[in-house]
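A note on names: the letters A, B, ... follow the listed sequences, proteins ahead of strands, and every chain is numbered from 1.
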Amino acid sequence: MDEKYFPKKIEQKWQRKWAETGAFEAKVDLEKPKFYQLEMLPYPSGNLHMGHVRNYSAGDAVAWFKRLQGFNVLHPIGWDSFGQPAEDAAVKRGVNPREWTDQNIEVMRGQLERLGLSYDWARQTFAHRPGYYKFDQWFFLKMFEMGMAYKRVTKVNWCETDQATLSNEQASGGLCWRCGNPVTKKDLEQWFLKTTAYADQLLDDFRQIESGWPQNVVKRQQDWIGRSDGTLLDFEVRGSGEKIRVFTTRVDTVYGVNAVIVAAEHPIVEAKLAVMSANVVDKIVKIRAGNAKPVEHEVEVEKDGVDTGLIAVNPFNGEELPVWVGNYVMMEYGAGAVMSVPGHDERDHEFAKKFGLQIRQVIVSATPASAAGGQSVNGDSNTGVESAAPARPPGDAGGDERAFADYGVLTNSGEWTGHASEDAKQGMTAFAADNGFGEAATTYRLRDWGVSRQKFWGAPIPIIYCDTCGIVPEKYENLPVLLPDNVPISGTGESPLAKLPEFVETTCPNCGRPARRETDTMDTFVDSSWYFYRYTDAANEVLPFDSEFAKYWLPVDQYIGGDDHAVMHLIYSRFWTKVLRDLGMVEFSEPFTRLLTQGMVVGETFFDDETGKRVYFPSSDVSVERDGKGKITSAASTNGQSLKYAIERMSKSKGNGVDPDEMVEIYGADAARLFILFAAPIENELVWNEAGIDGALRFIQRVWRLVLKWETAMAESPASQGGTDPGTRSGKLRQKTHQTIKRVGKSFEALQFNTPVAALMELSNAIGDLGIEPAEATAEERYAVREAVTSLVLMLTPYSPHVAEELYAVLAGNEDGILANGARFPVPDLDLAAADEIEIPVQVNGKLRARVMAAPGTPNAELEVMVLANEKVQEFTRGREIVKVVVIPNRLVNIVIKI
RNA sequence: GCUGGGGUGGCGGAAUUGGUAGACGCCCAGGACUUAAAAUCCUGUGCCCUUAGGGGCGUACGGGUUCGAUUCCCGUCCCCAGUACCA
């Protein structure tokens, strides 16, 4: 072997070997357990960024680990290649989106290959190619047949900057997921996929996978779906026979209603505009206008409203109530109207205060002492100190206090007085249903998925409009509806395809008469909702995939990606899978058994204080001062210009990016990958710092030199057992080896990538610490070193596969590496790993005072005697009364003395 | 505001879930090798006191439970993420 480690040379060598032998091409093999490792596929933006490197390094580590454990691993990759950046490039630079995309893919594939990621390239998918989007259309037709795809006019989220429609998920927080700008509402006719049909399943099926998903993602999806169980109630509008239906989760507070508040867009408002005064109408128009404005993030909109003059009747007690329009009531949720209970709802309380409406209390706390503040009180019963607050007089919810929103006991509620909230909710709902003015109901925050996009670079929606037949689906045999190649793209928000008569004009598949094609394309999230199925059967021209392949490979065993997709891609994919199941194409309900969300890679970004321009760091000269926490307190360029700084997601455009190619060029892919996994726990944010990567490279070089040093001696080592006595050098090393194997395996199963590296470094240090020259080593020692080094190299494979292959070839004495030799991940010998003498710390009154050596399993009594006889211990116990001795077997001894 | 997750050396981070806090790495300092440098190797490295042996203090802060608390409980402060009137 070479004296020196040349990353580039061996990385190229093994990359070539893997490609030539098709090392990572997966084949169905019913004899072997399968493992489907998946990472979120990249958008071909033009360059890989460090976030990709982190994501794919982690995925590759899992793939290798499972591969070395004997699993039949499927580890595919593809391109999420439809979407707006290609279209933006077309508008800005006049390039052809398809050519732009294909070029980017070529560049990025090269980058992935140079990282040596073990992908099955034969299964590569491209969302923008007809062979793929044909099946987006195929699925759309299936969903149309199922009634899962439908069209309606509605207010949609509109991003002015991108000139694009957004789904609710993509407009989460009132901001566009791509550009981060506020979103407005716009009336548009749109195709929807009925995600709400699966709302309950999307919630309940978490039971099947919850243990394998980050709780944060589960929580976010649950919140997003937002199921709430409550009651629909009808309030009659006096003198009209019409009813206003409200939704409430707190029907138990119905005796505290002071008004019915409806959305400005509510039909009853529209119907009664004529009978309202000009002032009121004016106000309503203003509120409507306010509702349509973009939502300012983090700014609470002030409550506004107006009394319509209408009177509604509380169906429970016949009380007459004013009907108000309120800007905080949304037409899109529940019934578009609420019963206002200011005593027990924070928003109603605020509204009532502002407009001087009556506030009445109908619920009191079930624990008497806590009623006063109108807030739930966690009385600290341990202290015994209790300030008994005076109970509020019934009927008065108090002036300045907040609403009491907790459950409690009903008061001032007619025959329901004295019931607990929970019981009253059930009873009152049943009562309403029996008397025909209400029913139990469940509402969701989740809305159907709007998939129409007035964009060019996406899959055309395969629908035809015929004056005679109406909406007609394209025939399956006519798929794909091809995306034309030369479309003028203006970027102004209309559908580019509409300007192309040869695309638009067609004939009706039903009656054959002239008809028009749908000119909108599908949301790119459609492509990514099912791509992982396509990988199992990527060349299929008839079906999206053959169910037999899906049955073998799916569900995905481990999925890795960023948590920015927690409520977009990950909800859509789960929805898609449920549709597939109902189509009979798969037999399970959840696509991803385990999910790992890796943290962002961020970098320090600097801005010129005057111009606001970004300054490149660390390559340009920026000097910084840091506080005790390592946070930058001030920064300046070398010419003395002071700089502002921020920590931002790494990217080229932000000037804090590191080019993966450059990094591979300098350090090699193996060191880069090792470092990115070692630097921080995978789920943490990673602040990029060049210094650490040297350490990774140094470690690889140390392992290299270790193999080099022991090469000959190891080749001459006996094939059979070495020593097992940890008292000897060889036995001690063997113990360390097996302890390390145990630790590393365990960590990998738990998806911890940073701690195994530490373990491997310890093992490597242990070999170095032997303090013997290979030439002098006994046969047993040679055996122990060989075992240690071989294990080390194998365990390094998931991080740094090229150098591991190369070193293993040296150890094996042939040209083949790990894969070709059929090597496996080492298995620990637990007997060897167990220590036969352990160090027991001895405490006196909880303070560490001594350590004694003892065999594991030494009886407590024996240990106690031994410890008390210890000279060091006696210094502390001499002349004192020993109260007791606590012995934790194999762990620790604590002597309690009287002071 | 609400919900969730956190707060450990100069830095990234360990710690078998109640049992030796700070593994491993980075940074830094000293030494060896070298004509010199780089590379490599060795040593030190939580803070304070001490000539040494050693001692004291330390896991955001204040309490509590326990023989023993980074870990459990109560309270306070701070940070990060999600969310934005969802009735």
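- The partner of B/A81, taking Watson-Crick or G-U wobble pairs whose two distances both stay under 3.5 Å, is B/U3.
- Residue A/N291 contributes atom CG, which lies 11 Å from atom C1' of B/C85 at whole-angstrom precision.
- A salt bridge links A/E762 with A/R743: the closest approach of a Lys/Arg side-chain nitrogen to an acidic carboxylate oxygen falls below 4.0 angstrom.
- Ring geometry for A/W324 against A/F355 counts as tilted: the plane angle lies between 30° and 60°, on a 0 to 90° scale.
- Not a single donor-acceptor contact under 3.5 angstrom links the side-chain atoms of A/R445 to the base of B/U83.
- By the neighbour-count criterion of 12 heavy atoms within 6.0 Å, atom NZ of A/K243 is sparsely surrounded, having that number or fewer from other residues, nucleotides or ligands.
- Rounded to an integer number of Å, the gap from A/E683 CD to B/G12 C1' is 14 Å.
- At the phosphate of B/A23, neither OP1 nor OP2 sits under 4.0 Å from any side-chain N or O atom of A/T755.
- Side-chain N/O atoms of A/N291 and A/N327 include no donor and acceptor closer than 3.5 Å.
- Residues A/P7 and A/G668 share a closest heavy-atom pair of CB-CA, 3.8 Å.
- Between A/R891 atom CZ and B/A21 atom P the separation is 13 Å, expressed in whole Å.
- Nucleotide B/A21 is matched to nothing when pairs are restricted to Watson-Crick or G-U wobble geometry with both distances under 3.5 angstrom.
- Taking CH2 of A/W224 as the start and CG of A/L446 as the end, the distance is 8.5 Å to the nearest 0.5 Å.
- Here A/R220 lies in heavy-atom contact (under 4.0 Å) with sugar-phosphate atoms only.
- As judged by a 4.0 angstrom heavy-atom cut-off over every strand, A/N894 is placed among the base-contacting residues.
- In this model, the phosphate group of B/G82 is not approached by any side-chain N or O of A/S172 to a distance below 4.0 Å at OP1 or OP2.
- When the P atom is compared between B/C85 and B/C78, the two are found 26 Å apart, to the nearest whole Å.
- Heavy atoms of A/N327 sit under 4.0 angstrom from at least one base atom.
- Per the geometry, CG belonging to A/N684 stands 13 Å off C1' belonging to B/G7, to the nearest Å.
- When the options A/F675, A/F678, A/F748 are evaluated for a ring pair (Phe, Tyr, Trp, His ring centres under 6.0 Å) with A/Y799, the one that passes is A/F748.
- More than 90° away from 0 lies the glycosidic angle of B/U71, which makes this nucleotide anti.
- Distance A/D348 CG to B/A87 P: 12 Å, rounded to the nearest Å.
- In terms of phosphate contacts, A/N754 brings a side-chain nitrogen or oxygen within less than 4.0 Å of OP1 or OP2 of B/A14.
- At most 12 heavy atoms of other shown residues, nucleotides or ligands fall within 6.0 angstrom of atom CD in A/E871.
- As rounded to the nearest Å, B/G22 and B/G13 have C1' atoms that lie 10 Å from one another.
- Contact between A/L677 and A/S57 at its shortest, heavy atoms only, is CD1-O, 3.7 Å.
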Could I get a table of every N or O pair under 3.5 Å where one atom is in the protein and the other is in nucleotides 26-32 of chain B?
{"from": "B/C26", "atom 1": "OP1", "to": "A/R698", "atom 2": "NE", "distance (Å)": "3.0"}
{"from": "B/C26", "atom 1": "OP1", "to": "A/R698", "atom 2": "NH2", "distance (Å)": "2.7"}
{"from": "B/C27", "atom 1": "OP2", "to": "A/R698", "atom 2": "NH2", "distance (Å)": "3.3"}

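- In this structure, A/K884 reaches the B/C67 phosphate: one of its side-chain N or O atoms is under 4.0 Å from OP1 or OP2.
- Residue-level contact check: A/M761 touches the backbone only, with heavy atoms under 4.0 Å from sugar-phosphate atoms and none from bases.
- Remark: A/K303 is positioned above the aromatic ring of A/Y328, its terminal NZ or CZ atom under 6.0 angstrom from the ring centre and at most 45 degrees off the axis.
- Between A/P841 and A/T248, the one whose closest nucleotide on RNA chain B sits nearer the 5' end is A/P841.
- Among the heavy atoms of the strands lying under 4.0 Å from A/N765 are primed sugar atoms or P, OP1, OP2 only; no base atom is included.
- Comparing B/A38 with B/C28, their P atoms are spaced 12 Å from each other, to the whole Å.
- The CZ atom of A/F753 lies 10.0 Å from the CD atom of A/Q598; values are rounded to the nearest 0.5 Å.
- Remark: the separation of the P atoms in B/G56 and B/A21 is 13 Å, to the nearest Å.
- With a cut-off of 3.5 Å on both Watson-Crick or G-U wobble distances, the partner of B/A15 is given as none.
- Within the 4.0 angstrom heavy-atom criterion, no nucleotide atom of any strand lies near A/E332.
- One atom, CD1 of A/I888, and another, P of B/U66, lie 16 Å apart when rounded to the nearest Å.
- For RNA chain B, the residues of residues 674-682 of chain A within the heavy-atom distance limit of 4.0 Å (strictly under) are A/F678, A/A679, A/A680, A/P681, sorted by number.
- Under the Watson-Crick and G-U wobble criteria, each requiring two contacts below 3.5 Å, nucleotide B/G46 is paired to B/C57.
- Residue order along RNA chain B, read from the 5' end via each residue's closest nucleotide, puts A/R743 first among A/R705 and A/R743.
- Within 4.0 Å (heavy atoms only), A/E762 reaches sugar-phosphate atoms of the nucleic acid but no base atom.
- Rounded to whole Å, the separation between the P atoms of B/A60 and B/U66 comes to 23 Å.
- Rounded to the nearest 0.5 Å, atoms CG (A/N890) and OG1 (A/T858) are 7.0 Å apart.
- Nucleotide B/G25 holds its C1' atom 15 Å from the CG atom of A/L796, rounded to whole Å.
- B/G46 takes the anti form, because its glycosidic angle lies more than 90° either side of 0.
- Taking atom C1' on both nucleotides, B/A29 is separated from B/C67 by 41 Å, rounded to a whole Å.
- Proximity of the aromatic rings of A/F6 and A/W704 is defined here by a centroid distance below 6.0 angstrom, and this criterion is not met.
- Looking at A/V703 and A/Y5, their side chains never come closer than 4.5 Å, going by heavy atoms from C-beta outward.
- A gap of 13 Å separates the P atoms of B/G1 and B/U76, to the nearest Å.
- Between A/F699 atom CZ and B/C24 atom P there is a gap of 13 Å when expressed in whole angstrom units.
- Using a 4.0 Å heavy-atom cutoff across all strands shown, A/V341 reaches no nucleic acid atom at all.
- Of the P atoms belonging to B/U71 and B/G58, the separation is 13 Å, rounded to the nearest Å.
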Are there any protein N/O atoms within less than 3.5 Å of an N/O atom in nucleotides 49-56 of chain B, and if so, which ones and at what distance?
{"from": "B/G56", "atom 1": "OP1", "to": "A/R849", "atom 2": "NH2", "distance (Å)": "3.2"}
{"from": "B/G56", "atom 1": "OP2", "to": "A/R849", "atom 2": "NH1", "distance (Å)": "3.3"}

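- The residues A/D694 and A/R698 are annotated as not salt-bridged, no charged nitrogen and carboxylate oxygen being separated by less than 4.0 angstrom.
- Put simply, A/Q215 has a side-chain N or O that comes within less than 4.0 Å of OP1 or OP2 on B/G5.
- Counting only heavy atoms from C-beta outward, the side chains of A/R250 and A/I363 approach each other to under 4.5 Å.
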